[in-house]
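Here is the structure we will look at.
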Amino acid sequence: MIVAEAVGRLLAAAGVDTAFGVVGSGNFHLTNALVRHGARFVAARHEGGAATMADAYTRMSGRVAVLTVHQGPGLTNAMTGIAEAAKSRTPLLVLAADVTEPHSNFHLDQAALARAVGAVPMRLTCAQDALEALRVARDDRRTVVLSLPLDIQSTPAPDLPSPQPDMLSPETTTPAAGVGAVLLGAAGPEVRGVGELVRLLGEARRPVFVAGRGARHARRELEDLADLTGALLATSAVARGLFRGSPWDLDVSGGFSTPLTAELISGADLVVAWGCALNMWTTRHGSLITPGTRVAQVDLEHPVAARHVQVDLPVTGEVAQVAAAVRELLPVHPPAGYRSPELARRIVAEGRWRAVPYEDETGEGRIDPRTLTIALDDILPAERVIAPDSGNFMGYPSMWMDVPDERGFCFTQAFQSIGLGLATAVGAALALPDRLPVAALGDGGALMGVSELETVARLGLPMVIVVYDDEAYGAEVHHFTGQPHDTVTFPPTDLAAMARALGMAAVTVTEPADLRAVSDWLDGPRDRAILVHAKITRERPSWWLEEAFKGH
């Protein structure tokens with residue numbers, strides 16, 4: 001057995017059940033060993049797609065996935081997906097073949113490349129180093145790029161110790177902030193600041209909790225504490241759906257907020273961020289936090305990126321543990337402030353975007369994207385996972401289409417790259433096979449990631465792929481008003497024909513009646529994907545993207 005094969009054996013024994021990648025000579029033996037010892041390998045058509053699939057799989061499954069790539073261009077092709085995972089603190093292990101000879105055309109400084117995007121560089125000297133890299137990814141919630149020199153991969157491996165127990169099983173790990181209950185083995189650092197948070201909550205009359213990705217495992221603890229304090233419940237975009245079903249659920253804080261949510265957060269006298277970075281998206285560049293509002297932030301690590309707001313109280317600790325500790329210390333008294341029967345009625349009546357009136361602009365061969373999305377929301381089953389790409393269109397599926405819980409929305413937007421949506425949906429679909437995956441793409445992102453359409457067809461994924469087609473990079477069209485747009489507008493592309501060529505079902509939509517084809521597909525065997533090529537109206541800019549451009 002050579003070292004490459006030993007690495008595959010050890011990682012499979014340690015619990016790696018799914019790997020993504022594109023196989024070349026540098027990762028051939030390693031990938032085959034993973035498969036031989038029980039891991040599933042998903043072959044993408046581009047390493048960038050494979051990286052995003054692995055990221056999404058980890059987010060939705062709660063298990064560390066592996067990305068395996070060839071040396072040199074295999075790694076560079078994957079870097080956008082790796083950057084997204086690293087910026088999102090996704091526990092992910094990248095196995096990157098490496099050459100050490102400077103004269104090789106494949107040679108590059110892989111460690112520097114990893115550090116440049118915020119990943120953790122490590123280097124293989126023996127097969128057991130792979131287990132340490134897996135531990136760092138899992139326990140530190142980091143994306144790790146493990147370089148595997150070709151000369152070390154090909155050397156004979158010494159006798160291996162007995163295989164490790166499943167490092168990623170629920171029995172060997174405990175809940176922690178990040179992505180779910182089976183990812184992390186270490187509890188957080190010692191909790192600090194609980195007493196002061198108890199005082200702030202006791203004084204607050206209009207508290208709001210904003211939960212982020214680091215709180216996705218802690219719904220029960222946060223709801224129990226909110227019931228004691230009368231707090232309203234909101235989330236960042238990446239944790240959307242966490243409080244679904246609660247009468248006090250305000251949905252998303254930030255650029256996707258409904259007018260009611262923005263009103264209530266702006267009126268809070270205390271905002272507590274739970275595992276949430278309070279970045280420009282979640283706070284609308286700080287405008288949702290009004291003068292005089294106190295802000296507490298609970299996170300495993302400080303300082304956290306909160307440059308858009310002043311954090312009055314940083315609380316260091318794991319979210320569920322902090323919430324439970326505060327609940328034990330908080331004096332029992334009737335919750336004051338926001339909660340009232342009248343507000344509960346307002347949340348029901350005004351708490352979702354589809355309740356906000358608008359003028360339907362469907363006509364002249366194009367469908368209003370709001371009308372399209374509301375219709376799809378009604379047609380598609382509730383048990384879904386929505387994976388939106390980035391772009392001018394992205395608010396429509398993110399705001400007008402509902403999700404059942406915190407695993408119903410897979411949002412790979414930390415790096416703000418377009419072209420990741422389809423691969424995100426593939427990773428989410430494989431992680432959650434009992435849900436309907438919905439990829440929501442713009443035409444620019446769809447064509448950028450078009451190679452993975454073949455992956456969807458080859459895997460036979462029963463997926464709905466919605467393309468909001470305005471025949472442009474709409475963000476630039478609407479941002480640079482009064483300027484020539486020849487460089488960012490394009491002639492029509494028959495995306496439905498492309499899907500049919502791969503054996504998928506497809507429909508072109510210009511009015512709501514065309515969506516009957518989607519209903520027919522749902523009633524059928526769902527043995528292949530369906531692509532919904534929606535020709536959308538394009539006169540209206542997206543105000544949420546105008547907010548985003550303020551941060552450029």
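Keep in mind that the numbers below use all heavy atoms, side chains included, and drop hydrogens, waters and symmetry copies.
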Can you check whether Val438 reaches Ile465 side chain to side chain, under 4.5 Å on heavy atoms? no
Does a sphere of radius 6.0 Å around CZ in Arg500 hold more than 12 heavy atoms from other residues, nucleotides or ligands, not counting ones at 6.0 Å or beyond? yes
Arg142 side chain to Ala137 backbone, donor-acceptor under 3.5 Å: no
If only atom types and distance count, is the side chain of Glu221 paired as donor or acceptor with the main-chain N or O of Ala324 below 3.5 Å? no
Minimum heavy-atom distance Ala211-Cys276, with the two atoms named: C-CB, 4.2 Å
Check: Trp274 and Val322 side chains under 4.5 Å, non-hydrogen atoms: yes
Taking the side chain as everything from C-beta on, heavy atoms only, tell me whether Phe411 gets closer than 4.5 Å to Ile386. no
Which atom pair, heavy atoms only, marks the closest approach of Cys410 to Pro388? O-CD, 3.4 Å
Separation between CE (Met394) and CG (Asn392), nearest 0.5 Å, reads 10.5 Å
Has the side chain of Thr282 got a donor or acceptor atom that lies under 3.5 Å from a matching backbone atom of Ser236? no
side-chain hydrogen bond (donor to acceptor under 3.5 Å, both in side chains) contacts in which one or both residues fall within residues 444-454, not counting sequence neighbours: Arg45-Glu454, Glu452-Thr455, Glu454-Arg458
Do any N or O atoms from the side chain of Asp389 and from the backbone of Gly419 form a donor-acceptor pair under 3.5 angstrom? yes
Sole candidate of Leu233, Leu250, Leu232 that passes side-chain contact (heavy atoms from CB on, under 4.5 Å) when paired with Phe209: Leu233
Are the side chain of Asn27 and the backbone of Gly24 linked by a donor-acceptor contact shorter than 3.5 Å? yes
Let me confirm one number: the CG-CH2 distance from Asp227 to Trp248, rounded to the nearest 0.5 Å. 9.5 Å
Residue list, ring-ring contact (aromatic ring centres under 6.0 Å, His included) with His46, at least two apart or on another chain: none
Any sub-3.5 Å donor-acceptor pair from Thr52's side-chain atoms to Ala423's backbone N or O? no
Are the side chain of Arg526 and the backbone of Leu522 linked by a donor-acceptor contact shorter than 3.5 Å? yes
Side chain of Gln153, backbone of Val3: donor and acceptor closer than 3.5 Å? no
Mind checking whether Val466 and Leu376 have side chains closer than 4.5 Å, heavy atoms only? yes
With sequence neighbours left out, which residue pairs that include part of residues 376-385 fulfil the salt bridge (Lys or Arg N to Asp or Glu O under 4.0 Å) condition? Arg354-Asp377, Arg354-Asp378, Asp377-Arg384, Glu383-Arg435
Considering the options Val456, Ile530, Leu531, which one meets the side-chain contact (heavy atoms from CB on, under 4.5 Å) requirement together with Met463? Val456
Of all heavy-atom pairs linking Gly408 and Val403, the shortest is O-CG1, 3.2 Å
Side-chain contact, heavy-atom cut-off 4.5 Å: Leu75 with Asp98? no
Can you find a heavy atom in the side chain of Thr412 that is under 4.5 Å from one in the side chain of Ser88? no
Less than 4.5 Å apart, any side-chain heavy atom of Thr68 and any of Val94? no
Do the side chains of Thr18 and Leu430 get nearer than 4.5 Å, heavy atoms only? no
With a 4.0 Å cut-off, would you call Arg123 and Asp129 a salt bridge? no
Donor on one side chain, acceptor on other, Ser390 and Gln413, under 3.5 Å: yes
Is the side chain of Trp353 donor-acceptor paired with the backbone N or O of Phe256 at a distance under 3.5 Å, no angle test? yes
How about His29: does its NE2 atom have over 12 heavy atoms from other parts shown lying under 6.0 Å from it? no
Has Phe41 got more than 12 heavy atoms of other residues, nucleotides or ligands less than 6.0 Å from its CZ? yes
I'd like to know if the side chain of Arg407 reaches the main chain of Val385, judged simply by a donor and an acceptor atom lying under 3.5 Å from each other, with no hydrogens or angles considered. no
Smallest separation among heavy atoms of Ala130 and Leu93, with atom names: O-CD2, 4.4 Å
